[in-house]
Every structure is written in C-alpha cells, then in structure tokens.
> 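Before I ask anything, let me first share the structure, which is written out below as structure tokens.
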Amino acid sequence: MKTTEHPLVRDYLNTLTREAAALPPEHGAELVADLTEHITIALTQIPEPDEHHIRDLLERLGDPRTIVATAQEGTTPAPTTGRWHTIAPLLLLPAAAPLSALGPLPGGIALTLGLILLWTAPHWNKRDKTIATTATAVAMIGLAATGLIAATFGHPLAALLTGAAIITVIPTLACIHLFRARRRTR
C-alpha cells in the first residue's frame, strides 16, 4: 500500500485540501502538494511504517486547520472589486464595435473603458485578457473592412450582414469565454 493511501494519511490530506480551499487556488494547491510530498518522503524513510509511525508524523506536522491559518497569515488577500468591475467589460467590449458604427466617440469610449476594466480586473489571467482584447480588435478591424467593402460595392446586403456578424459575434464569444473563466476561478 502506498503511504498516501493509508486511511489516516488520506483523512489528513482530505482535511488539509478542504481547509486549503480558503487560500488562493494556486497557493492552496501548492501547500497540499508540498505536504503530500513531505509525508510520502518521510514515510518512505521508515522500512515498514505502521499506524504508530503515521500518527506520530501527522502529529508532528500539526493540525491542517492550523497549517492553513498560518499560511493565510502569510498571504495577501486578493483585491476585491465590485460586481460592476466584472460585468462592465463583458458588456462594453461587445458593444464597442456596434457603437463605433454610430460614431467614433461612443465606440471609442466603450472600447477604452472596457479594456481598462478588463486589464485591471483580478478575475482573469493574462491569457484570458489577451483573448478578449484580440477578439475586440478583430471586431473593430471587421467593422472597418465592412465599411470599406460596403463603400466600394455600393452597400451590398451580404457585406452588411457579414459585418454585423463579425462585430457582434466575435466579441460576444470572447466575453462568454471570460464569463466562464471567471466562474472557474471562484
């Protein structure tokens, strides 16, 4: 039997994992992984670990609640932002390109505010923010291309429908991605 499969070790690690949920995800996972490794290494040093050895090791490590409380003292709390900071980029970024069709000022304001709120929000990682920014840029370029095609060919219906799809669907898909990414990090 692997040492981490022993019921005492399993219970200890389950309690630690449950308590570590109060920590930032990467910090909690690192804490659990480090202690799991420590227990494994310590018990492999003993030729035939029995329940007495395991209890002794776990007592020396300490109560999982105390370990997590100590780890929490060493972490800085995650910055908190209001609900608006989460929702605003999801509304402003898809609206930027359609608002640009009304004029550069409304679209520019929506785009600028949406990007500022997106990049200052702690809810998403850099990859998710880059995806949303790129999708918004593609929509803005699509808007310009649609205008050029419509002006060149005398406002064909196909160019207008394609442009409408580009400027709404792509940023909306990016914001759905952001919404899902936000829910995963909670």
Side-chain angles (χ1 to χ4, degrees), residues 1-94 111-138 169-186:
M1 171 191 310
K2 289 174 56 176
T3 55
T4 56
E5 292 177 2
H6 190 280
L8 291 174
V9 174
R10 205 172 45 239
D11 289 345
Y12 184 90
L13 292 175
N14 285 340
T15 302
L16 180 67
T17 302
R18 195 171 44 253
E19 294 296 321
L23 297 171
E26 61 279 347
H27 189 72
E30 182 180 353
L31 178 66
V32 171
D34 287 348
L35 281 172
T36 301
E37 181 181 5
H38 179 77
I39 292 169
T40 302
I41 291 171
L43 291 177
T44 55
Q45 304 284 327
I46 303 168
E48 292 182 30
D50 59 11
E51 191 167 318
H52 171 73
H53 291 108
I54 293 171
R55 282 188 192 278
D56 184 50
L57 171 65
L58 297 179
E59 284 176 15
R60 281 186 282 135
L61 285 174
D63 182 56
R65 290 164 204 79
T66 305
I67 293 170
V68 171
T70 303
Q72 279 180 317
E73 291 172 10
T75 61
T76 56
T80 57
T81 56
R83 182 175 212 115
W84 176 247
H85 204 142
T86 304
I87 295 171
L90 301 179
L91 298 174
L92 290 170
L93 293 177
L111 177 65
T112 303
L113 284 176
L115 290 175
I116 288 171
L117 291 171
L118 172 70
W119 283 93
T120 58
H123 318 305
W124 301 290
N125 60 32
K126 187 176 180 179
R127 177 183 170 269
D128 294 328
K129 292 175 182 181
T130 303
I131 289 170
T133 302
T134 303
T136 303
V138 166
V169 172
I170 294 173
T172 301
L173 290 175
C175 288
I176 290 170
H177 170 77
L178 285 176
F179 180 74
R180 288 182 176 168
R182 166 73 172 124
R183 291 177 57 103
R184 283 192 304 264
T185 60
R186 284 185 151 183

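Start at 1 with the first residue, then count along the sequence.
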> Search all heavy atoms of Pro89 against all heavy atoms of Pro94 and return the closest pair with its distance.
O-CD, 3.9 Å
> Show the numbers, then the answer: is there a side chain to side chain contact (heavy atoms under 4.5 Å, CB included) between Ile41 and Gln45?
CA-CA 6 Å; Ile41 291 171; Gln45 304 284 327; 3.9 Å; yes
> So, do Ile131 and Arg127 sit near enough that their side-chain heavy atoms are less than 4.5 Å apart?
yes
> What distance separates Thr112 OG1 from Leu117 CG, expressed to the nearest 0.5 Å?
10.5 Å
> Only pairs at least two apart or in different chains count here, so list each salt bridge (Lys or Arg N to Asp or Glu O under 4.0 Å) that has a residue in residues 47-64.
Glu51-Arg55, Asp56-Arg60, Asp63-Arg65
> Can you tell if the side chain of Leu58 reaches within under 4.5 Å of the side chain of Ile39, non-hydrogen atoms only?
yes
> What residue among Leu31, Val32, Val68 forms side-chain contact (heavy atoms from CB on, under 4.5 Å) with Thr17?
Val32
> I need the minimum non-hydrogen distance between Thr120 and Ile116, along with the two atoms involved.
OG1-O, 2.8 Å
> Which distance, rounded to the nearest 0.5 Å, do you find between the OG1 of Thr133 and the CG of Leu111?
9.0 Å
> At what distance, to the nearest 0.5 angstrom, does OG1 of Thr66 lie from CD of Glu19?
9.5 Å
> Within the structure provided, determine whether Tyr12 and Thr36 are in side-chain contact (heavy-atom separation under 4.5 Å).
no
> Atom CD1 of Ile87 and atom CZ of Phe179: how far apart are they, to the nearest 0.5 Å?
9.0 Å
> Going from CG on Asp11 to CG on Leu16, what distance comes out if it is rounded to the nearest 0.5 angstrom?
12.5 Å
> Set out, in order, the CA-CA distance, both residues' side-chain angles and the distance that settles side chain to side chain contact (heavy atoms under 4.5 Å, CB included) for Leu57 and Ile46, then state yes or no.
CA-CA 11 Å; Leu57 171 65; Ile46 303 168; over 6 Å; no
> Taking all non-hydrogen atoms of both residues, which atom of Lys129 and which atom of Ala121 are closest, and how far apart?
NZ-O, 2.8 Å
> For the OG1 atom of Thr15 and the CZ atom of Arg10, what is their distance to the nearest 0.5 Å?
12.0 Å
